[in-house]
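Heads up, the thing below is written out as structure tokens.
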Amino acid sequence: MARPRKTDAAKPKLTKAAKVQGAKLGFEAEMFLAADKLRKNLEPSDYKHVALGLIFLRYISTAFEAKHAELLAEDPGLAEEKDEYLAENIFWVPPAGRWSHLQANARQPTIGQLIDDAMTAIEAENPSLKGVLPKDYNRPALDKVMLGELVDLISGIALHEVGEKARDVLGRVYEYFLGGFAGSEGKRGGEFYTPRSVVRVLVEMLEPFKGRIYDPCCGSGGMFVQSEKFVEEHGGRIGDMAIYGQESNYTTWRLAKMNLAVRGIDAEIRWNNEGSFHKDELRDEKFDFILANPPFNISDWGGERLREDARWQYGVPPVGNANYAWLQHIIWHLKPSGTAGVVLANGSMSSAQSGEGELRRAMVEGDVVDCMVALPGQLFYSTQIPACLWFLARNKQNGRFRDRRGEILFIDARKLGHLVDRTRRELSDEDVAKIAGTYHAWREGKGYEDVPGFCRAAKLEEIAGHGFVLTPGRYVGAADAEEDDVPFEERFAALKEKLEAQFAQADDLTASIRERLRSVIV
């Protein structure tokens, strides 16, 4: 399915508060602020499905109604022919599911039932959406006045756009809302959403232009959305990508299915509640690219039942921590020339507990570790645990890049990023380009140089000397001191003057405290 182009969206009517708060944040942020205001006392984890389900419904209805209008103009007899829509990868939307029908009845007390009926009718006509759409809008706990106002608000998205432009705006809003709800939910939000800037680092470094892409714990599908954007922005063909994923949380799997459908991405996303370790839906499949953000340091992964699994090529992972189970599961699924990017807790780079040090040594000596990136703190909604990126390669001498055998690139990006609020940090476009560009220059052998304090390529012999610890800070060293053109005498005089002033302030404060003490004693 052809991807829509980006466009500036016409702004719907918003509340005064939303206009003020969102003035500098952009259209998507304004929409989220307005929608969140309608939430009132409803929990974000619950409201998320209410809002996202409606945005999805608006999206597929917009795509359908654009094609419907086109067919009416050409041949009215074809306008209700289901195959005409399916042939262009457009979901068939029966009359009861069309947004115009819901919008016309938004202020009716029956709006909850009408939305449930719309969702049921769409699932019945589109087997790929079976079990995906939320269908509990008529429950008594959901305020029907709020629901009608939300329908009106979503009706304003892309109000003056048509066709692909309208669908692109809706896709952008859906993606922004996913991130917004992840922030509102805090720790729980991180279970379904990986921050966009982290995903962009993975995608920009791996460059998944063509081939099979896999995520064994895909959450709401953000890795796939960013991969598809990367291909489009760099002139590739979306049809050259085949996307596969697995998710153990049924609710999150539904979000992923809707997220990818909104973006027009054809993907095979499997669900089962046993997860990728115990019921690997794609057991015998191999992939060109794997991108994953597994849950950090998970201890209850059922490792005691998998002690002799064929995936453990570098040693049996400890029962109490799944980090090295994820790494080996991912390596198992790589094609001979495949590459992977994995987000893990920092402890995975240095832990020696329960045999993890030996597992890491086996992987380094097996030459499957290509690059390690230390990330800045406060990037994630779900945890304050510092994180890192592992980049893995099955064959470091393949013909696409230079021969990198016996060498690992270390990047310390902890000083990058900027705070977007009191608790969360993001990587800028420049930060992402700096990290990815360094990796590409090293991997391709084109203009790479070690930069003290930021990046260094180390040989396996040196890594062995560090006990196979893979923390970038061990290798990159300290940054060079910045040159200072101010003569020493001038700097010393300024420092002395400042110190004398501080001494004087201290004397004044001491005298004031003594005077107060005397008055208390008297």
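Residue numbers run from 1 in the order of the sequence given. What you see below is based on every heavy atom in this structure, not just the backbone, and it leaves out hydrogens, waters and symmetry mates.
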Sequence neighbours left out, what pairs pass side-chain hydrogen bond (donor to acceptor under 3.5 Å, both in side chains) with at least one residue falling in residues 364-374?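 Found Arg361-Glu365, Asp367-Lys396, Asp370-Arg404, Asp370-Tyr439.
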Rounded distance (nearest 0.5 Å) linking atom [atom1] of [X] with atom [atom2] of [Y]:
{"X": "Ile154", "Y": "Leu54", "atom1": "CD1", "atom2": "CG", "value": "4.5 Å"}
{"X": "Met241", "Y": "Ser227", "atom1": "CE", "atom2": "OG", "value": "5.0 Å"}
{"X": "Leu52", "Y": "Phe177", "atom1": "CG", "atom2": "CZ", "value": "8.0 Å"}
{"X": "Ile411", "Y": "Met372", "atom1": "CD1", "atom2": "CE", "value": "11.0 Å"}
{"X": "Leu133", "Y": "Phe56", "atom1": "CG", "atom2": "CZ", "value": "5.5 Å"}
{"X": "Phe391", "Y": "Leu389", "atom1": "CZ", "atom2": "CG", "value": "5.0 Å"}

Answer yes when Asp288 and Lys335 have at least one side-chain N-carboxylate O distance shorter than 4.0 Å, and no when they do not. yes
With a 4.0 Å cut-off, would you call Arg200 and Asp429 a salt bridge?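 A salt bridge is present here (some side-chain N lies under 4.0 Å from a carboxylate O).
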Below 4.5 Å, heavy atoms only, C-beta onward: do [X] and [Y] meet side chain to side chain?
{"X": "Trp301", "Y": "Ser299", "answer": "no"}
{"X": "Tyr475", "Y": "Cys455", "answer": "no"}
{"X": "Glu426", "Y": "Pro195", "answer": "no"}
{"X": "Leu282", "Y": "Tyr214", "answer": "yes"}
{"X": "Met363", "Y": "Leu392", "answer": "yes"}
{"X": "Leu255", "Y": "Lys48", "answer": "yes"}
{"X": "Phe287", "Y": "Tyr244", "answer": "yes"}
{"X": "Arg424", "Y": "Leu419", "answer": "no"}

For [X], all residues meeting side chain to side chain donor-acceptor pair (under 3.5 Å), sequence neighbours excluded:
{"X": "Asp152", "value": "Arg107"}
{"X": "Ser428", "value": "Glu430, Asp431"}
{"X": "Asn272", "value": "Glu281"}

I'd like to know if the side chain of [X] and the backbone of [Y] have a donor-acceptor N/O pair within less than 3.5 Å.
{"X": "Glu358", "Y": "Tyr314", "result": "no"}
{"X": "Asn323", "Y": "Asn297", "result": "yes"}
{"X": "Glu268", "Y": "Ile243", "result": "no"}
{"X": "Trp312", "Y": "Leu306", "result": "yes"}
{"X": "Glu247", "Y": "Asn249", "result": "yes"}
{"X": "His440", "Y": "Glu204", "result": "yes"}
{"X": "Ser276", "Y": "Pro216", "result": "yes"}
{"X": "Ser351", "Y": "Gln353", "result": "yes"}
{"X": "Arg212", "Y": "Lys286", "result": "yes"}
{"X": "Arg254", "Y": "Val132", "result": "yes"}

Heavy-atom pair with the smallest gap, counting every atom of [X] and [Y]:
{"X": "Ile435", "Y": "Ala413", "result": "CD1-CB, 3.8 Å"}
{"X": "Met146", "Y": "Tyr47", "result": "SD-CE1, 3.9 Å"}
{"X": "Arg360", "Y": "Ser348", "result": "NH1-O, 3.2 Å"}
{"X": "Leu206", "Y": "Gly341", "result": "CD1-N, 3.5 Å"}
{"X": "Val476", "Y": "Phe454", "result": "CG1-O, 3.7 Å"}
{"X": "Arg425", "Y": "Leu416", "result": "CD-O, 3.8 Å"}

For a side-chain contact (heavy atoms from CB on, under 4.5 Å) check, start with the C-alpha distance between Asn293 and Met223, then their side-chain angles and the critical distance, and finish with the verdict. CA-CA 9 Å; Asn293 176 23; Met223 299 286 187; 4.0 Å; yes
Quick one: does NZ or CZ of Arg402 land under 6.0 Å from the six-membered ring centre of Trp442, within 45 degrees of the ring axis?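 The answer is yes; both the distance and angle limits are met.
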Would Lys257 pass as a cation-pi partner of Trp271, given that its NZ or CZ must be under 6.0 Å from the six-membered ring centre and within 45 degrees of the axis? no
Any side-chain donor paired with an acceptor under 3.5 Å for His49 and Asp136?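 No.
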How would you list, by chain and number, every residue that makes a side chain to side chain contact (heavy atoms under 4.5 Å, CB included) with Ala387, sequence neighbours excluded?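 Listed in chain order: Phe296, Val343, Leu375, Phe380.
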Sequence neighbours left out, what pairs pass salt bridge (charged side-chain N to carboxylate O under 4.0 Å, His left out) with at least one residue falling in residues 433-458? Glu207-Arg443, Arg456-Glu462
Please evaluate residues Leu327 and Leu344 with respect to the criterion side-chain contact (heavy atoms from CB on, under 4.5 Å), reporting the C-alpha separation (whole Å), side-chain torsions for both, the decisive distance (0.1 Å), and the verdict. CA-CA 9 Å; Leu327 289 171; Leu344 284 178; 3.7 Å; yes
Could you go through the side-chain contact (heavy atoms from CB on, under 4.5 Å) check for Leu147 and Val50 one step at a time? CA-CA 9 Å; Leu147 195 55; Val50 173; 4.0 Å; yes
Full working for side-chain contact (heavy atoms from CB on, under 4.5 Å) between Leu379 and Leu427: CA-CA 8 Å; Leu379 288 175; Leu427 296 168; 4.3 Å; yes
CG (Asp240) with more than 12 external heavy atoms under 6.0 Å: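 Yes, the 6.0 Å shell around CG holds more than 12 heavy atoms from other groups.
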Please work out whether the ring planes of Trp326 and Phe277 are parallel, tilted or perpendicular, with thresholds of 30° and 60°. tilted
Among Val203, Ile213, Leu291, find the residue that satisfies the side-chain contact (heavy atoms from CB on, under 4.5 Å) test when tested with Phe224.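 Result for side-chain contact (heavy atoms from CB on, under 4.5 Å) with Phe224: Ile213.
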